[in-house]
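Following: one structure in structure tokens, then a few remarks.
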Amino acid sequence: MAELKFRRLTRNALPLDTVRLARFLIGCTLVHDLSGTPLAGRIVETEAYLPGDAASHAFRGETRRNRAMFLRRGHAYVYISYGVWPMLNVSSEEEGTGAAVLLRALEPMAGLEEMPRGPNRIRDVDIARGPGRLARALAITLAHDRADLCGPGPLFLAAPVRKAGPILTTTRIGITKDAERPLRFIEAGSPYLSGSRRLNAG
DNA sequence: TCACTGATCGTCT
DNA sequence: GACGATCAGTGAG
């Protein structure tokens with residue numbers, strides 16, 4: 001297998017706007033370099049959680065848990081969902097503004113053999129489909145909360161290896177407040193998306 | 001393929 | 001004391 005070279009994204013490359021960042025990240029690469037064995041995938045699905053958004057964890061202001069959402073854009077916000085699953089977000093605004101982009105699905109690109117797959121033999125197409133499985137596949141834990149994804153650390157964002165196709169917009173998944181807003185972004189036709197086929201058809 | 005349900009626990013009210 | 005930005009398993013069509 002050919003070695004893939006990952007070019008780290010600088011913070012300046014990230015749009016300073018939550019919706020624009022959520023679209024920008026489609027096609028970009030997420031890399032977790034574990035002692036020379038990179039786990040990596042193309043981002044194919046994101047959701048935006050805006051300032052003043054009732055569905056956002058930052059809606060009621062800064063707390064111990066959501067502090068990373070208030071860091072400068074490009075930092076990891078990791079929290080545990082349903083007591084079990086870590087979820088990875090990217091902070092998306094200026095320091096002091098609580099907003100983030102949730103990474104919901106990856107097209108696996110490197111380190112497939114090394115990725116944690118859970119109790120059963122999950123198919124490659126499902127290994128990073130959904131935010132909980134995405135974090136599991138890339139070995140992301142609460143320890144990565146507040147990590148700088150534009151810094152020199154092992155977990156980082158990288159430039160697209162292959163350009164993204166057309167991007168569709170849909171409603172977000174799994175929320176009850178502000179559920180109608182079109183703030184979920186997907187690469188059209190990708191087989192690696194979470195959510196129902198109907199929702200992904202646009 | 002879709003609909004429904006139980007598991008599970010940190011965080012905030 | 002209640003509530004999830006979910007997943008995996010089950011059963012029906």
Side-chain angles (χ1 to χ4, degrees), chain A residues 18-19 21-23 25-26 30 41 43-71 73-93 97-108 115-147 149 155 168-187 189-202:
Chain A
T18 304
V19 169
L21 179 63
R23 297 185 69 100
L25 287 176
I26 300 291
L30 179 66
I43 299 168
V44 296
E45 176 178 348
T46 64
E47 282 179 359
Y49 288 86
L50 310 182
D53 179 349
S56 169
H57 287 175
F59 185 60
R60 289 183 173 78
E62 187 174 328
T63 66
R64 194 168 68 226
R65 175 176 66 157
N66 68 20
R67 191 150 300 153
M69 292 183 80
F70 292 81
L71 298 175
R73 68 194 190 282
H75 287 81
Y77 166 45
V78 182
Y79 74 97
I80 301 294
S81 178
Y82 291 88
V84 181
W85 305 96
M87 306 257 169
L88 175 65
N89 299 249
V90 182
S91 67
S92 55
E93 299 278 344
T97 300
V101 174
L102 171 66
L103 305 187
R104 289 194 54 93
L106 296 181
E107 172 182 336
M115 289 183 182
R117 288 174 184 249
N120 299 314
R121 288 187 185 173
I122 195 169
R123 296 179 305 162
D124 286 351
V125 74
D126 293 325
I127 195 169
R129 191 156 83 91
R133 286 180 287 202
L134 180 157
R136 182 179 66 193
L138 262 68
I140 290 162
T141 70
L142 265 188
H144 296 99
D145 188 39
R146 304 188 212 178
L149 302 178
L155 182 64
L168 296 181
T169 305
T170 79
T171 54
R172 294 176 289 186
I173 293 178
I175 57 172
T176 54
K177 301 165 199 153
D178 269 348
E180 302 307 313
R181 303 177 77 177
L183 292 174
R184 173 173 175 262
F185 304 93
I186 60 178
E187 180 179 46
S190 170
Y192 301 95
L193 302 173
S194 72
S196 68
R197 181 162 290 194
R198 197 172 94 83
L199 183 62
N200 293 336

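Sequence lines set the chain letters: A, B, ... in the order given, protein chains first and strands last, and positions in each chain run from 1.
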Self-check item: Residue A:Tyr49, side-chain atoms from C-beta onward, closest of C:dC7, C:dG4, C:dA5
Solution: C:dA5
Practice problem: Might you work through the salt bridge (Lys or Arg N to Asp or Glu O under 4.0 Å) test for A:Asp126 and A:Arg117, ending with a clear yes or no? | Solution: CA-CA 9 Å; A:Asp126 293 325; A:Arg117 288 174 184 249; over 6 Å; no
Quiz item: Is A:Asp53 salt-bridged to A:Arg172, going by a charged N under 4.0 Å from an acidic O?
Solution: yes
Quiz prompt | Sugar-phosphate only, base, or nothing, as touched by A:Leu102 at under 4.0 Å among non-hydrogen atoms | solution = base
Exercise. Would you kindly give the CZ-to-C1' distance between A:Phe59 and C:dC3, to the nearest whole Å?
Key: 17 Å
Quiz item: Where do A:His57 and A:Tyr79 land on the ring-ring contact (aromatic ring centres under 6.0 Å, His included) test, with the steps shown first?
Solution: CA-CA 10 Å; A:His57 287 175; A:Tyr79 74 97; 4.5 Å; yes
Quiz prompt | Contact interval (first through last nucleotide) of DNA chain B with protein chain A, 4.0 Å heavy-atom | solution = B:dT1 to B:dT13
Self-check item: Of A:Lys177 and A:Trp85, the one whose closest DNA chain C nucleotide lies more 5'
Solution: A:Lys177
Quiz item: What residues, two or more places apart in sequence or in another chain, satisfy side chain to side chain contact (heavy atoms under 4.5 Å, CB included) together with A:Arg73?
Solution: A:Arg11, A:Asn12, A:Leu14, A:Leu16
Quiz item: Partner of C:dA2 by Watson-Crick or G-U wobble geometry, both contacts under 3.5 Å, or none?
Solution: B:dT11
Exercise. Round to a whole Å and report the spacing from CD1 of A:Ile175 to P of C:dA5.
Key: 8 Å
Quiz item: Rounding to a whole Å, what distance do you find between A:Glu45:CD and C:dT6:P?
Solution: 10 Å
Practice problem: Give one of base, sugar-phosphate or nothing for A:Arg184, where a contact means two heavy atoms less than 4.0 Å apart. | Solution: nothing
Exercise. For A:Leu88 and C:dT6, give me the distance from atom CG to atom C1', rounded to whole Å.
Key: 15 Å
Self-check item: Whole angstrom value for the distance that separates C1' of C:dC3 from OH of A:Tyr79
Solution: 12 Å
Quiz prompt | Whole-Å gap separating P (C:dA8) and CD1 (A:Ile127) | solution = 11 Å
Practice problem: Answer yes or no: is there a donor N or O on one side and an acceptor on the other, between the side chain of A:Asn200 and the main chain of A:Arg197, under 3.5 Å? | Solution: no
Quiz item: What does A:Arg172 touch in the nucleic acid at a heavy-atom separation under 4.0 angstrom: a base, only the sugar-phosphate, or nothing?
Solution: nothing
Quiz prompt | Atom pair distance, as rounded to whole Å: CD1 in A:Ile122 and C1' in C:dC7 | solution = 9 Å
Self-check item: First of A:Arg65 and A:Gly83 reached from the 5' end of DNA chain B, by closest nucleotide
Solution: A:Gly83
Quiz item: Are any of A:Arg136's side-chain N or O atoms less than 4.0 Å away from OP1 or OP2 of C:dC7?
Solution: no
Practice problem: Could you tell me the separation between the CG atom of A:Leu199 and the P atom of C:dA5, rounded to a whole number of Å? | Solution: 17 Å
Quiz prompt | Distance-only side-chain donor-acceptor flag, A:Glu93 / A:Thr18, under 3.5 Å | solution = yes
Quiz item: Is there a donor in the side chain of A:Arg104 and an acceptor in the side chain of A:Ser194, or the other way round, less than 3.5 Å apart?
Solution: yes
